[in-house]
Amino acid sequence: MAKQKWKPGNMVYPLPAVLVSCGDKEGHVNMMTAAWTGTICSDPPMVYVSIRKERHSHAMIQETGEYVINLTTEDLAWATDFCGVRSGKNMDKFEEMHLTPVFGELQYAPMIKESPVSIECKVTQVAELGTHDMFMAEVIAVHVDDKYMDEKGTFHLEQAKPLVYSHGQYYGMGKYIGSFGYAVRKKTIKKSVSKKKKK
Ligand SMILES: Cc1cc2nc3c(=O)[nH]c(=O)nc-3n(C[C@H](O)[C@H](O)[C@H](O)COP(=O)(O)O)c2cc1C
């Protein structure tokens with residue numbers, strides 16, 4: 001096996017393709033697809049989304065300092081792609097995609113009702129990096145669809161069938177492999193199994 005060396009580029013995949021919703025001070029709302037997004041701090045909980053200056057959403061987020069990261073699903077795949085190739089400059093993408101803006105804690109940025117997880121964010125810093133401006137933000141509230149809560153209070157995100165974006169392609173999540181820390185737990189199980197075998 002040999003590895004090819006490519007010129008520098010973006011190759012951290014797979015990623016979530018999220019819908020970032022926002023609004024302006026006149027009451028217009030919009031949403032755009034973003035893959036350059038993620039978590040940057042656990043406490044305080046902080047996230048980022050990197051957006052090109054020419055996006056309609058960029059101006060809105062710049063104006064209000066608010067956005068919502070809405071996780072997407074297989075059911076939302078069509079809308080996710082559409083909102084990533086059409087601008088809200090001359091179109092109401094909520095109306096076009098039959099999605100519903102609903103307000104939580106933020107004043108200007110709505111959540112998308114149909115998303116299983118909406119993360120309300122307030123911008124704390126903007127880093128002008130080059131093609132993209134990175135909007136770092138503190139999470140002020142997380143709203144989850146109670147359809148995916150079980151009787152023990154556990155949230156089953158996998159039941160929402162989250163959408164995955166990898167190198168230009170959309171996928172579902174694939175098969176279950178294990179839970180956090182399973183590598184350590186597995187060793188314990190293996191040991192006890194091998195001990196039993198030796199007896
Ligand atoms: C899968 C996918 C991921 C995208 N990720 C980003 C991103 O992280 N940042 C960005 O500025 N544009 C991204 N785009 C492009 C914008 O979503 C697109 O230009 C959109 O039309 C902007 O909408 P707006 O002008 O209404 O804000 C992505 C598009 C797709 C399809």
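First listed ligand is number 1; within each ligand, the first listed atom is number 1. Computed over heavy atoms, backbone and side chain alike; hydrogens, waters and symmetry mates excluded.
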Any sub-3.5 Å donor-acceptor pair from E66's side-chain atoms to A109's backbone N or O?
yes
Any salt bridge between E96 and R86, counting N to O under 4.0 Å?
no
Do the charged groups of D133 and K53 touch, with an N to O distance under 4.0 Å?
yes
One line per pair, note the atom names and distance for all nitrogen or oxygen contacts under 3.5 Å between ligand 1 and the protein.
residue  : atom   : partner : partner atom : Å
ligand 1 : 5 (N)  : A35     : N            : 3.0
ligand 1 : 8 (O)  : A35     : N            : 3.2
ligand 1 : 8 (O)  : W36     : N            : 2.9
ligand 1 : 9 (N)  : S50     : O            : 2.9
ligand 1 : 11 (O) : R52     : N            : 3.0
ligand 1 : 11 (O) : R55     : NE           : 3.0
ligand 1 : 12 (N) : R55     : NE           : 3.1
ligand 1 : 12 (N) : R55     : NH2          : 3.2
ligand 1 : 14 (N) : T33     : O            : 3.4
ligand 1 : 17 (O) : T33     : N            : 3.4
ligand 1 : 17 (O) : T33     : O            : 2.7
ligand 1 : 19 (O) : R55     : NE           : 3.2
ligand 1 : 19 (O) : R55     : NH1          : 3.1
ligand 1 : 21 (O) : R86     : O            : 2.9
ligand 1 : 23 (O) : K93     : NZ           : 3.1
ligand 1 : 25 (O) : H56     : N            : 3.0
ligand 1 : 25 (O) : S87     : OG           : 2.7
ligand 1 : 26 (O) : N30     : ND2          : 2.9
ligand 1 : 26 (O) : G88     : N            : 2.6
ligand 1 : 26 (O) : K93     : NZ           : 2.9
ligand 1 : 27 (O) : H56     : N            : 3.3
ligand 1 : 27 (O) : S57     : N            : 2.8
ligand 1 : 27 (O) : S57     : OG           : 2.5

According to ring pair (Phe, Tyr, Trp, His ring centres under 6.0 Å), who are the partners of H167, at least two apart in sequence or on a separate chain?
Y13
Transitive ILVMFWY cluster of Y108 at side-chain heavy atoms under 4.5 Å: who else is in it?
none
The criterion is salt bridge (charged side-chain N to carboxylate O under 4.0 Å, His left out); which residues satisfy it with E26, sequence neighbours excluded?
none
